[in-house]
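We name chains A, B, ... by the order of the sequence lines, and we start the count at 1 in each one. Just so it is clear, the values below take in all heavy atoms, side chains as well, and ignore hydrogens, waters and symmetry mates.
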Amino acid sequence: MEDLAKEVLTRIVRKIPVVKLRQVLGRWERLSERQLRSLDFTQPKWALCENLLSLCEENNITVKQLAEIEMLYRTEYPDQGIWHVFQFVDTPEETQCSDFMHFRDLFKANLKSLINHVSIQMKKLEDESVWIRIAWGENFRRPNHLKPTYVVHHLQTPYVFVSGLTNKHKPLLFQALALSAQCGSVKDVNLSGRCLSALRDLSMRQYKQVFPISHQECLQERDPLPNPNIENEHIKLTEYKQQVASEVFGDAVLPKLETAVYKLETKYREHGNENLVKKDEPFRGVVKFSSSNLLESLKYCVSSGMASAPVTPLLSSITQKGRNYFVIKDKGSGLIPNTPGPKF
Amino acid sequence: MSLLKPFAKLPELNTANVLLVDSEDTFQHVLADAIVQQKNNVNVNVRLARSLPLPAENEDSRPRIDLVVLILHLRSELSLSSAETSLKQLDPDYFLGKVCFVVTGARCASVPHERMAAVRKLATSLHCPLLFTEEQTAEGINTAACRVLNILRVSAGLVPMATGLSLFSLIRSTLPPDLDYQD
């Protein structure tokens with residue numbers, strides 16, 4: 001087996017934890033039952049890797065087939081690396097390509113015509129999502145399987161989730177996607193995160209939102225048997241805050257975002273520091289909120305009173321518009337993001 | 001928005017009312033539950049507030065408050081500043097035996113020393129007791145509840161031969177001598 005294949009296999013075995021590796025190899029179907037059974041998963045990883053290497057040589061496995069292992073692992077455990085969300089725009093009404101075979105052939109043809117050496121693998125899962133793994137090469141170089149790009153597209157929706165894409169290959173990928181999906185162009189939604197299902201839910205607004213209600217009785221049912229000896233002075237205010245928090249951020253399990261970045265290009269306005277106020281050019285700064293579950297933290301901030309109760313549009317746009325990167329400029333008042341939010 | 005006055009209302013028989021003022025709600029609720037569940041032969045009512053002044057619409061239904069407990073979290077600056085503004089809204093008569101401070105997070109190493117010093121100075125200048133509690137274990141919370149309950153009983157006049165003022169002259173917080181020199 002050639003060096004590239006060996007390196008790809010070693011890399012794959014190193015990255016994947018042993019338990020998951022066992023499952024994935026079981027699903028791979030390129031090794032026979034006897035060969036799978038001969039692998040001892042309790043050995044140290046380097047020994048396991050060598051055994052696997054010899055088995056693959058027996059079967060004459062190619063690099064492309066090795067890449068299938070990685071793809072299986074990624075589809076099973078998608079929450080690694082950072083996913084960026086993009087959207088198809090200017091789709092003419094009559095063409096909604098919802099046929100996987102058609103899309104696959106179009107995409108492969110388009111991408112191969114744009115760049116010579118690429119290795120593409122596509123797979124359709126039961127939840128109507130199409131997974132594409134692309135290894136990019138150049139004119140005189142073979143595809144680099146060590147740094148693949150993953151693209152996930154749900155056929156009925158205009159959203160695409162991409163991970164591991166470099167700036168060099170971005171226009172090529174977008175052109176191929178645009179041609180295959182028969183739309184005008186691909187636009188950046190400015191949403192990114194680690195958890196793929198969270199990004200999907202946020203983009204497609206699938207998490208439960210609460211709408212303002214006029215009667216407050218149902219809120220009191222939430223409190224499990226309040227002690228009659230304990231009384232809250234500010235009970236109306238706390239209930240209002242909780243209601244507002246639920247309205248803006250939704251009630252059930254919130255999608256798991258990690259960061260929200262606000263890039264400021266506004267002028268410095270505080271009265272204290274005179275040197276900074278005098279300057280005419282904008283004061284450039286970046287405010288970044290990060291947390292293991294950002295939306296839960298923001299919801300708690302609002303419901304406990306740390307953030308002001310009619311929630312500022314800066315925070316509520318995260319869920320309303322489904323994005324977490326904002327650029328704030330000074331024109332007029334309020335928030336003007338640099339690209340408009342997704343439209344349905 | 002009214003100033004809280006200690007003797008504006010009539011006391012009830014065998015009852016004690018305590019007001020917990022805290023800018024964050026987790027510890028407040030837990031302490032309130034612990035206080036109410038302690039075994040005692042007195043009716044204890046706990047009222048919870050985020051800050052003073054209290055909303056005027058509860059004025060009629062509110063009973064006489066026997067003890068105001070201000071909860072300070074050393075880990076947050078907001079807690080201290082919010083307590084200071086609340087103190088201004090309290091009638092001066094309360095400071096004669098009806099206000100006490102409960103402080104959490106004193107063991108935390110990342111808390112700046114100035115905050116602790118500021119809290120001590122505040123308590124000393126007002127001649128109020130300063131109780132330190134451990135908020136993260138059930139035992140710590142029960143201990144805190146016990147101590148608050150003991151002080152409450154005295155402030156409510158339910159312990160014979162003891163008043164709030166006499167108790168506080170025994171347990172009020174004082175500045176350690178090295179802190180005095182820092183000014």
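Shown here are the ring-ring contact (aromatic ring centres under 6.0 Å, His included) partners of A:Y73, two or more places apart in sequence or in another chain: A:Y77. Residues satisfying the salt bridge (Lys or Arg N to Asp or Glu O under 4.0 Å) criterion with A:R284, sequence neighbours excluded, are A:E265. With sequence neighbours left out, the salt bridge (Lys or Arg N to Asp or Glu O under 4.0 Å) criterion links A:K20 to no other residue.
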Suppose we count any N or O donor within 3.5 Å of an acceptor, strictly below that value; which pairs fall between chain A and chain B?
{"unit_1": "A:N229", "atom_1": "O", "unit_2": "B:V46", "atom_2": "N", "d": "2.8"}
{"unit_1": "A:N229", "atom_1": "ND2", "unit_2": "B:V44", "atom_2": "O", "d": "3.4"}
{"unit_1": "A:E231", "atom_1": "N", "unit_2": "B:V46", "atom_2": "O", "d": "2.8"}
{"unit_1": "A:E231", "atom_1": "O", "unit_2": "B:L48", "atom_2": "N", "d": "2.7"}
{"unit_1": "A:E231", "atom_1": "OE2", "unit_2": "B:R47", "atom_2": "NH1", "d": "3.4"}
{"unit_1": "A:E231", "atom_1": "OE2", "unit_2": "B:R47", "atom_2": "NH2", "d": "3.2"}
{"unit_1": "A:E233", "atom_1": "N", "unit_2": "B:L48", "atom_2": "O", "d": "2.7"}
{"unit_1": "A:E233", "atom_1": "O", "unit_2": "B:N58", "atom_2": "ND2", "d": "2.9"}
{"unit_1": "A:E233", "atom_1": "OE1", "unit_2": "B:N58", "atom_2": "ND2", "d": "3.3"}
{"unit_1": "A:E233", "atom_1": "OE1", "unit_2": "B:R62", "atom_2": "NE", "d": "3.4"}
{"unit_1": "A:E233", "atom_1": "OE1", "unit_2": "B:R62", "atom_2": "NH2", "d": "3.4"}
{"unit_1": "A:E233", "atom_1": "OE2", "unit_2": "B:R47", "atom_2": "NE", "d": "2.6"}
{"unit_1": "A:E233", "atom_1": "OE2", "unit_2": "B:R47", "atom_2": "NH2", "d": "3.2"}
{"unit_1": "A:E233", "atom_1": "OE2", "unit_2": "B:R62", "atom_2": "NE", "d": "3.3"}
{"unit_1": "A:H234", "atom_1": "NE2", "unit_2": "B:R50", "atom_2": "N", "d": "3.3"}
{"unit_1": "A:H234", "atom_1": "NE2", "unit_2": "B:S51", "atom_2": "O", "d": "3.3"}
{"unit_1": "A:S304", "atom_1": "O", "unit_2": "B:R50", "atom_2": "NH1", "d": "2.9"}

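In this structure, the side chain of A:Y262 engages the main chain of A:L314 through a donor-acceptor pair within 3.5 Å. Counting only distance, with no hydrogens or angles, the side chain of A:T319 and the backbone of A:V248 share a donor-acceptor pair below 3.5 Å.
Proximity to chain A (any heavy atom under 4.5 Å) is shown, for B:V18, by neither the backbone nor the side chain.
Smallest separation of non-hydrogen atoms from A:A245 and A:V302: CB-CG1, 3.8 Å.
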